[in-house]
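See structure below.
Chain letters run A, B, ... following the sequence lines, proteins first, then strands; residues in each count from 1.
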Protein chains: 2
Amino acid sequence: MATSRPARRNNTDPESTRREILQAALEVLAQDGPESLSVAEVARRAGVNRGTAYQHFPTREDLAHATASWVSDRIYQEFYGDFEQLSETNEVYPADLALARLSDFAMNNPELSRAWLFDVMSTQGTVTDKFWKRYVEELGEFARSGYGREDIDVEVFAFITLASALLWPIWVGAHAKSTKARDKMQQRFVDEMMRLVLFGSLVPERHANLVKRFSKGGK
Amino acid sequence: MATSRPARRNNTDPESTRREILQAALEVLAQDGPESLSVAEVARRAGVNRGTAYQHFPTREDLAHATASWVSDRIYQEFYGDFEQLSETNEVYPADLALARLSDFAMNNPELSRAWLFDVMSTQGTVTDKFWKRYVEELGEFARSGYGREDIDVEVFAFITLASALLWPIWVGAHAKSTKARDKMQQRFVDEMMRLVLFGSLVPERHANLVKRFSKGGK
DNA sequence: GCTATAGTCAACAATGCTGTCTATTACCTC
DNA sequence: GAGGTAATAGACAGCATTGTTGACTATAGC
């Protein structure tokens, strides 16, 4: 009964198929958020049979979790992977380079940024994010190194910088179309952030009471 | 042919029905994002017949847009509505109060915050957001008033503060369960943000080159 | 009091997605 | 060449969602 059409195999390497599915899932995730991630759409976009997707990820939830975890790994790799060896020689990564690197990453990986932000916004809350932990850790070392102020609340500061750096390119992407305009917007972000961490935004002389209240952690 | 059950009218005021639908839509939107906003789910949550929802909003897209616009209005009202008169007498709203107010708003309106953030993250990009415009405007006045530094890039700074202030409670909500813990986290955010805008995060003496580069806008 | 109409509701058809299953083809290794 | 693995095609029931339509009801205007 050879009624059914030939079932050609496009790919013989299961690992690459898996990656393609995850990549497609990332795209969908970045576009619509985790709640509207559909196996059918992912399979379609990956150019893969729906059954194949179900072979790799038995259920929609499994695919969602696998994708989230894959995103976390990829961000970590992209960000820290290729200079693991550097951090052994160099004690502290210079502030301006670190910021430029972060901003650059966000600008060049809007999908990963979006996916990460969606994850943050998901009510579950991923505490076990490798990237986040490492980022906070390095910021802590920086604060203790003498280059950064010691009274920083590291977690909060890490959150502020990360959240705004990753969200900025998305905001920009929606408002500025051309590559040139986007580059300019990235520069503006880095400059303003540098300005902020160097000088703050208030004129101290006009805020004597606040200066007093927030100096040396006195309440 | 009275086979069909009586179609009782629970509500005679269309405006209130509309509001209830929008409120339910906001809840769904805040939970799952705009892409997975379904009329059926909204109607169910609003305790209203699906057909009624379609009467008020002919299509899913219409409901989504109406909700987004309603969110924008509500944020504006909640934030600026009840002290419109104050701003006429008072020239500049003090920095610490403004920040506390923003943080407070975000902590007490996580749904509106989430909805706003989802809107920011939507690829469309809402340039016409009343709240955003007003916020940037006031920050600009502050920068020019002498209380704030003049070299601030107002739009970028506004984005950084808004994005992190609105996203923070969501992040916190996922990590801290009790009300007490959340209050503490809010305080941490306000303190760190104040510390940041007052003093920055770098030790200037250790970054002489950066200080030079970013002073007076010299490149 | 009667009727027109706006507001609401229940039911319907069409579509899409999920999860599962079977039959089939291609490739790789032994 | 045999046997296992990876992938495809197709079909199925169950369910949710989208729009549409026709029927019902409360209220306002006459």
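In this structure, A:Asp153 does not pair ionically with B:Arg195, as no charged nitrogen and carboxylate oxygen lie closer than 4.0 Å. For B:Lys133 and B:Glu137, the salt-bridge test fails: no basic side-chain N is under 4.0 Å from an acidic carboxylate O. A salt bridge between A:Arg114 and A:Glu111 is absent, with no side-chain N of the basic residue lying under 4.0 Å from a carboxylate O of the acidic one.
If you find the closest nucleotide of DNA chain C to A:Gly51 and to B:Val48, the one lying nearer the 5' end belongs to B:Val48.
Under 3.5 Å, the side chains of A:Glu78 and A:Asn108 contain no donor-acceptor pair of N or O atoms. Side-chain polar atoms of A:Thr161 and A:Tyr135 form a donor-acceptor pair below 3.5 angstrom.
Separating the OH atom of A:Tyr54 from the C1' atom of C:dT22 is a distance of 17 Å, rounded to the nearest angstrom. Distance CZ (B:Arg18) to P (C:dA6): 17 Å, rounded to an integer number of Å. Across the protein-nucleic acid pair, A:Asp32 atom CG and C:dC17 atom P stand 12 Å apart, rounded to whole Å. Going from atom CD of B:Gln55 over to atom C1' of D:dG22 covers 12 Å, rounded to whole Å.
Listed pair B:Asn49 / C:dT8 fails the phosphate criterion, with no side-chain N or O lying under 4.0 Å from OP1 or OP2.
Relative to the ring axis of A:Trp70, A:Arg74 places its NZ or CZ within 45° and under 6.0 Å from the centre.
Non-hydrogen atoms lying under 4.0 Å from DNA chain C are contributed by A:Ser38, A:Val39, A:Ala40, A:Arg44, all within residues 38-45 of chain A. For DNA chain C, the neighbouring residues in residues 56-69 of chain B, judged by any heavy atom under 4.0 Å, are B:His56.
In this model, a side-chain donor or acceptor of A:Arg50 finds a partner on the base of C:dG19 within 3.5 Å.
Aromatic ring pairs are classed by plane angle as parallel below 30°, tilted from 30° to 60° and perpendicular above 60°; the pair B:Trp171 and A:Phe159 is tilted.
Ring centroids of B:Tyr76 and B:Phe131 are separated by 6.0 Å or more, keeping the two rings apart.
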